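Accompanying notes for the structure given below.
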Amino acid sequence: MNAIAPARPAAEIGCTDAPVLYERGQREVFCGLTGIVWLHRKIQDAFFLVVGSRTCAHLLQSAAGVMIFAEPRFATAIIEERDLAGLADANAELDRVVTRLIERRPDIRLLFLVGSCPSEVIKLDLHRAAQRLSETFAPKVRILSWSGSGIETTFTQGEDACLSALVPDMPAEAADAPPSLLVVGALAEVVEDQFLRLFAELGIDRVRFFPPRRSDDLPPVGPRTKLLLAQPFLAETARLLEKRGAARLPAPFPLGVEGTTGWIGAAAEAFGIDDARFDAVVAPRAERARAALARQREKLDGKSLFFFPDSQLEVPLARFAARELGMRLVEVGTPYLHRGHLAAELALLPAGTALSEGQDVEKQLDRARAARPDLTVCGLGLANPLEAEGLATKWSIELLFTPVHGFEQAADLAELFARPLVRRSRLKV
Ligand code: SF4
């Protein structure tokens, strides 16, 4: 039931068993600290204290430049170079910084100590520091730790590390609790509200989102929890939730009309919603979204597209661009390709799509230069040099900062692809 009607004949689709080019060379990818920029907006009573270097502070300041107008909910405790003998001092210094912060900011209910890559930070055991400080400040403030280090994480993996740190604190669902739906992955509030309305119209009422907006509102989890991933980069979080009994619903990701229909369809099927009700709720929204997309499709149909690995959103985005916008995929690079979580996506990609995992940046740049795609989706570090060489680019970070999930945002997502091309054609005029 609720099957997704393929946009192309079956023989032309499917990359389930397609070969993948694995590259393990130099990479140009943001580190996991970047996730703080959207996570601090999402969990509204949390504070993120990066234990790091001046580089980390600069990254956060530039990635989150606009936030200087708001009361900031992140900061960097700069740990200067020190030898092992100085570690006791570093721990005492960290305790001092945390104590001062909590005294100054009584609104903080959850404090994350976020690790980074300098060797002085790696020597510090932040997990133990978090436990020690939690004992001091409980029950008013909980203190957890995770790593956003560029050695261990890329870009969106920071969210995975943050959510993984929260999973052990989630309450167990009641023994007699009816089945519930847990949507996992930070989504814009407007998108959460749209999905809540849609699920309610379908008759699925027990829906929770993770991460929650308030840190003391962690959703319960257990064997009757059906887990629906909203983001494709949450491998460890999903593993931990499944370990606590939650059952993951295989689905494409809710990007574009087709992905959203399949994603909602997976939930509808798990909750026994009949086809007639599904169609009555979903079809009008899908129809409106398709109509809104049509204008962008005119600009993008037949254009070639190259993805450099950055956000792990690349495979779902490529599926959307190829099947709903008519774009031609030159290469779809991703930092990490999770075949399990991406199974439904890979099955929908056009057959023969060139897939790559990891990066050897110079070799990949050579491939992009040879192909001269109409549009390249890449990180900030690569965008300027490629633009200087005459290639149109889209920053992958924008796809994280802009609400792009769900029916109502499908046309906005398409517009993100169309905008660089429109700008170029205007400049030429
Ligand atoms: Fe750079 Fe590492 Fe700090 Fe990220 S965590 S900004 S990669 S030093």
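Ligands are counted one by one from 1 in listed order, and the atoms in each one are counted from 1 as well. Just so you know, these numbers come straight off a predicted model, no measurement behind them.
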### Query
What class does the angle between the rings of His338 and His341 fall in, given that below 30° is parallel, 30 to 60° is tilted and above 60° is perpendicular?
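His338 and His341: parallel rings.
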Which heavy atom of the protein is the closest neighbour of [atom], given with residue, atom name and distance?
atom                    : result
atom 4 (Fe) of ligand 1 : Cys31 SG, 2.4 Å
atom 3 (Fe) of ligand 1 : Cys56 SG, 2.3 Å
atom 1 (Fe) of ligand 1 : Thr55 CG2, 3.9 Å
atom 2 (Fe) of ligand 1 : Cys117 SG, 2.0 Å

### Message
Between Thr156 and Glu159, do the side chains contain a donor N or O and an acceptor N or O under 3.5 Å apart?
### Response
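Note: Glu159 and Thr156 side chains miss the donor-acceptor criterion.
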### Message
Under a 3.5 Å cutoff, is there a donor and acceptor pairing between the side chains of Gln157 and Glu152?
### Response
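No, no side-chain donor-acceptor contact under 3.5 Å.
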### Query
Which distance, rounded to the nearest 0.5 Å, do you find between the OG1 of Thr99 and the CG of Leu133?
6.5 Å
### Task
Using atom types as modelled and distance alone, determine if a side-chain donor or acceptor of Glu324 lies under 3.5 Å from a backbone N or O of Val257.
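It does hold such a pair.
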### Task
Provide the number and element of each atom of ligand 1 under 4.0 Å from a heavy atom of Ser116.
5 (S)
